[in-house]
2 protein chains.
Amino acid sequence: MSGRKPTITDVAALAGVSVAAVSKVVNGKGSISAATRERVLTAASKLQWTPSAAAVALRSAKTRAIGMVAKRSPDLLSADPHFSLLISGIEGELSPLGYGLLLHIVGEQPGPGEPDPEEAAYRRLADERRVDGVVLTESRIGDTRFELLRTLGVNAVLVGTPWRADPVPSVQATGLGSGIRAAVDHLVGHGHRRVAYVSGPEDRVHTVHRRRVFEDALAARGLAPSHSLVSDFTAAGAVDAISALLADRRRPTAVLFANDSMAVAGLSAARRLGVDVPGELSVIGHDDLPLGELVYPQLTTVRQDLVGLGRAAARVLLASLGEVDAEPVEVRPPELVVRESTGPAPDRT
Amino acid sequence: MSGRKPTITDVAALAGVSVAAVSKVVNGKGSISAATRERVLTAASKLQWTPSAAAVALRSAKTRAIGMVAKRSPDLLSADPHFSLLISGIEGELSPLGYGLLLHIVGEQPGPGEPDPEEAAYRRLADERRVDGVVLTESRIGDTRFELLRTLGVNAVLVGTPWRADPVPSVQATGLGSGIRAAVDHLVGHGHRRVAYVSGPEDRVHTVHRRRVFEDALAARGLAPSHSLVSDFTAAGAVDAISALLADRRRPTAVLFANDSMAVAGLSAARRLGVDVPGELSVIGHDDLPLGELVYPQLTTVRQDLVGLGRAAARVLLASLGEVDAEPVEVRPPELVVRESTGPAPDRT
DNA sequence: CTGAAAGCGCTAACAC
DNA sequence: GTGTTAGCGCTTTCAG
């Protein structure tokens with residue numbers, strides 16, 4: 001395409017040294033005199049040479065890439081912005097070290113007579129030796145991915161809470177639960193007594209965790225959930241949920257959703273049904289995606305430091321690869337962001 | 001980590017053939033007897049062997065990966081869901097062929113005394129020979145990326161309209177402009193006479209194109225834009241724009257935004273100012289991101305087949321790599337999706 | 001401190 | 001139809 005790409009040999013020749021010397025200076029290993037280093041460096045930059053990733057990978061068995069596979073339902077709605085933020089954080093740590101991020105998006109359905117696409121994706125990553133590690137998200141109850149990855153021999157780190165204290169590397173925010181507790185306090189402090197919860201899919205670890213935190217927080221104020229629904233992170237699910245809640249004679253005056261997309265969809269559905277938010281119903285989301293600020297009324301939500309989580313996950317992986325020291329990066333605790341979708345409970349009627 | 005990974009040699013030994021034979025069968029090249037093929041295949045599967053990506057890449061100078069670099073402003077708001085959809089389409093084509101997608105996210109700012117991070121990212125991808133091609137998005141006026149990529153010797157395909165008929169590979173929807181024209185017709189048909197346009201950043205090729213289509217469509221109905229604003233794809237920008245429009249004594253009765261995020265932000269801002277949508281103001285977005293269905297009122301928007309564009313881009317790249325035939329995949333033409341944010345023009349007062 | 005040499009796992013001529 | 005044999009570009013002992 002544009003002349004041959006220079007190789008280490010070219011650099012060595014131009015610098016008048018051996019290829020070994022060049023290798024040593026670019027890797028900072030072995031001992032090299034300042035003079036030689038200098039000559040190699042200038043030769044390299046003159047030739048615009050950068051080590052070939054493939055050669056390095058083959059020789060050193062390190063690809064300098066980490067992988068991520070995202071399982072996506074046809075309803076692209078939910079996970080998306082969540083992933084983007086996480087990826088931003090991950091990339092922020094990888095890029096400076098020259099690591100790449102290999103992304104795979106797989107469907108939910110195994111396709112007729114085929115293996116689980118998610119598992120297949122991890123296998124391929126491992127078998128082809130394309131990555132040095134992977135980051136997992138959306139911890140699931142009964143999650144088999146760690147086991148799989150372990151037998152495949154690839155490093156992994158989980159963003160979130162492991163399924164029952166599995167001894168797997170993972171990262172989570174400090175003070176987990178503080179945001180939801182603050183949300184409950186906010187609501188109760190505003191006179192709400194009937195507050196409902198709409199969770200995400202039940203196979204998610206965070207689903208049960210968040211609901212428990214919610215219930216405990218309410219209990220601490222001497223209350224119990226007015227309703228507790230399970231939904232699926234889709235818009236339709238949220239709409240169904242809100243319809244059910246509003247149809248109840250003793251309907252809630254406030255509802256917490258397990259993510260922002262559902263919260264916005266629910267909020268919109270309520271308004272469409274003629275229910276004023278926050279006048280008649282307060283709504284709180286979870287994650288603080290950009291979306292929440294765009295809508296009217298703006299969404300009160302539990303902010304999660306997604307970028308920080310991504311960053312932290314990358315650090316853990318990088319540390320296990322010996323690239324950085326294992327100093328954990330701090331992930332900001334979840335916090336309540338009060339905007340316009342919450343307010344005082346409506347007058348008792 | 002878990003026993004040594006099997007190599008082609010192991011497979012050859014187990015099958016009782018030469019490594020060349022194994023290579024031939026996995027690559028479908030050369031001539032191999034059915035019997036040998038069979039033995040190789042069983043040996044390979046017994047050993048769970050898959051060719052090492054690094055070895056293949058080094059030897060054949062093909063990485064079987066394509067790259068993408070996304071330039072992201074600190075305000076993550078805009079490009080996001082757009083990218084996710086594109087990526088879904090791209091991955092859909094890559095995965096079946098065993099290709100990977102290497103993603104890089106870079107900031108806008110060059111950092112003090114540093115080179116443009118975007119350019120640096122492309123250079124790294126090329127110099128390290130990490131990918132066989134890249135897909136570019138967000139065609140810019142005066143775009144230098146193609147030139148860069150050409151001198152770097154990497155295949156590239158653009159999603160969108162090239163900057164002034166550059167002879168670069170690109171994909172776009174058939175019937176470009178049809179969606180915006182339909183939007184204008186929809187509005188005018190509903191009695192709107194004062195319709196405004198809020199564009200994206202002026203350095204984008206699509207910005208000027210879409211605005212022209214808009215103006216031409218209006219002109220075809222004997223009208224001219226009531227206002228034409230330039231914004232920046234941020235929520236704040238959209239809010240400013242809508243405020244300016246509504247402050248005008250002769251304010252528009254309808255406004256088209258260059259993307260959905262701005263449209264939703266604008267729509268929300270209008271409502272916050274006490275302006276009813278669509279009663280007093282009709283709003284139309286662009287792209288049809290999931291977000292538009294979540295909000296209330298649901299957003300009328302110009303749908304763009306983002307997934308199809310991603311798919312098509314991947315095909316073009318794959319074709320230029322000789323992996324697939326160059327049959328262009330069809331990208332659905334843009335179409336107007338009428339929802340709740342548009343309606344009849346308010347009565348003249 | 002420096003260089004020669006042996007591969008990493010695989011593909012592609014080229015012989016047989 | 002099948003095997004032998006060079007490397008691809010780099011890292012890493014191991015002598016000097």
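Values reported hereafter were calculated over all heavy atoms of this structure, with side chains retained and with hydrogens, waters and symmetry mates removed. Reminder, nothing fancy here: chain letters follow the sequence lines and each chain counts from 1.
Rounding to whole angstrom units, CZ of residue Arg59(A) and C1' of dC8(C) are separated by 6 Å. Between Ile8(A) atom CD1 and dT12(D) atom C1' the separation is 11 Å, expressed in whole Å. Note: CG (Asp10(A)) to C1' (dC8(D)) measures 13 Å, nearest angstrom. If you take CH2 of Trp49(A) and C1' of dT11(D), they are 11 Å apart, rounded to a whole angstrom.
Across every non-hydrogen atom of Ser170(B) and Pro162(B), the tightest pair is OG-CG, 3.5 Å.
In the set dG3(D), dG9(C), dT11(D), dG9(C) carries the atom at the smallest distance from any side-chain atom of Ala55(B). Here the side chain of Leu58(A) is nearest to one of dC10(C), dG3(C), dC8(C), namely dC8(C).
Just one residue in the list Arg72(B), Arg123(B), Arg124(B), Arg140(B) forms a salt bridge (Lys or Arg N to Asp or Glu O under 4.0 Å) with Glu118(B), and that residue is Arg140(B).
The distance from atom CG of Leu309(B) to atom CD1 of Ile90(B), rounded to the nearest 0.5 Å, is 9.5 Å.
Applying a 4.0 Å cut-off to non-hydrogen atoms, the residues of residues 18-47 of chain A that approach DNA chain C are Ser18(A), Ala20(A), Ala21(A), Lys24(A), Ser31(A), Ile32(A), Ser33(A), Thr36(A), listed by residue number.
Taking the side-chain hydrogen bond (donor to acceptor under 3.5 Å, both in side chains) definition, one finds that Ser23(B) meets it with Asn27(B), sequence neighbours left out. The salt bridge (charged side-chain N to carboxylate O under 4.0 Å, His left out) check on Asp10(B) picks up Arg4(B), with sequence neighbours excluded.
Panel note: side chain Asn155(A), backbone Asp132(A); a donor-acceptor pair is recorded below 3.5 Å.
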